[in-house]
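A short worksheet on the structure shown next.
Just so it is clear, the values below take in all heavy atoms, side chains as well, and ignore hydrogens, waters and symmetry mates.
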Amino acid sequence: QVQLVESGGGSVQAGGSLRLSCAAYGYIHSTVCMGWFRQAPGNEREGVAVIDSDGSTTYADSVKGRFTISQDNAKSTLALQMNSLKREDTAMYYCAAAYSPACEDLLKVFGRSLVNYWGQGTQVTVSS
């Protein structure tokens with residue numbers, strides 16, 4: 001069993017930065033995809049950024065160039081550095097782990113159905 005615990009959310013003004021962290025407990029297979037999703041009120045949960053087992057990363061177009069996903073070598077900590085935040089980035093952010101053969105599929109419309117484990121979420125609020 002895998003447990004994911006997020007931290008680092010909060011409130012920030014537009015243009016500011018936040019760093020989210022996700023601690024993974026339990027057995028994490030070396031081939032697992034790790035990623036971040038977000039869900040704003042009234043919206044579907046959407047993939048934001050994913051990192052594959054070989055370290056390759058993929059981002060949603062809405063955050064490309066502003067967000068950076070990273071992972072430690074032991075795959076026990078996942079991070080999301082968020083810069084140049086916008087009001088539309090306001091959402092609950094979730095850490096996720098998936099045994100998917102194509103990690104980038106997590107960013108597609110059906111991506112959340114591929115997730116095997118979810119964290120409890122951390123709120124990010126961006127004000128103008």
Side-chain angles (χ1 to χ4, degrees):
Q1 187 69 12
V2 173
Q3 184 181 12
L4 304 174
V5 181
E6 302 96 335
S7 61
S11 298
V12 65
Q13 287 193 324
S17 299
L18 280 175
R19 184 177 178 86
L20 306 183
S21 293
C22 171
Y25 301 94
Y27 176 68
I28 301 288
H29 196 275
S30 60
T31 61
V32 74
C33 300
M34 298 292 294
W36 291 94
F37 284 69
R38 68 185 181 186
Q39 186 169 17
N43 290 358
E44 299 288 340
R45 192 171 296 188
E46 61 177 3
V48 172
V50 295
I51 185 165
D52 209 334
S53 56
D54 63 359
S56 59
T57 58
T58 310
Y59 297 90
D61 288 343
S62 58
V63 306
K64 204 171 292 183
R66 300 188 297 120
F67 290 12
T68 303
I69 188 172
S70 60
Q71 188 175 47
D72 69 340
N73 289 336
K75 300 185 188 297
S76 61
T77 304
L78 184 72
L80 185 69
Q81 178 66 42
M82 304 185 295
N83 298 328
S84 302
L85 282 161
K86 305 176 181 179
R87 285 192 64 184
E88 52 263 42
D89 294 319
T90 295
M92 186 73 79
Y93 283 71
Y94 297 90
C95 178
Y99 294 107
S100 173
C103 208
E104 62 271 18
D105 282 351
L106 269 66
L107 300 184
K108 296 182 179 177
V109 173
F110 58 85
R112 61 184 182 272
S113 68
L114 302 175
V115 173
N116 298 96
Y117 301 101
W118 292 102
Q120 82 286 354
T122 186
Q123 178 68 37
V124 171
T125 302
V126 184
S127 59
S128 58

So, [X] side chain and [Y] main chain: donor-acceptor pair closer than 3.5 Å or not?
X	Y	answer
Q120	V5	no
E6	G121	yes
T125	T90	no
Y59	I69	yes

Check: What heavy-atom pair brings S100 and C33 nearest, and what distance separates the two atoms?
Finding: O-SG, 3.5 Å
Notebook entry, point to check: Is the shortest side-chain N to carboxylate O distance from D89 to K86 below 4.0 Å?
Noted result: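 Result for this pair is no, no salt bridge flagged.
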Next item on the list: Would you give the length of the straight line joining atom NE2 of H29 to atom CG of N116, rounded to the nearest 0.5 angstrom?
Entry: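 One finds 12.5 Å between NE2 of H29 and CG of N116.
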Check: To the nearest 0.5 Å, what is the distance between CD (Q3) and CD1 (I28)?
Finding: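 Between atom CD of Q3 and atom CD1 of I28 there are 10.5 Å.
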Next item on the list: Assign the ring pair F67 / Y93 to parallel, tilted or perpendicular, where the plane angle (0 to 90°) is split at 30° and 60°.
Entry: tilted
Margin query: When you measure from the centre of the six-membered ring of F37, is the NZ or CZ of R112 closer than 6.0 Å and no more than 45° off the axis?
Written below: no
Find out whether [X] and [Y] are in side-chain contact, i.e. whether some heavy atom of one side chain is under 4.5 Å from a heavy atom of the other.
X	Y	result
W36	M82	no
V115	R45	no
M34	L4	yes

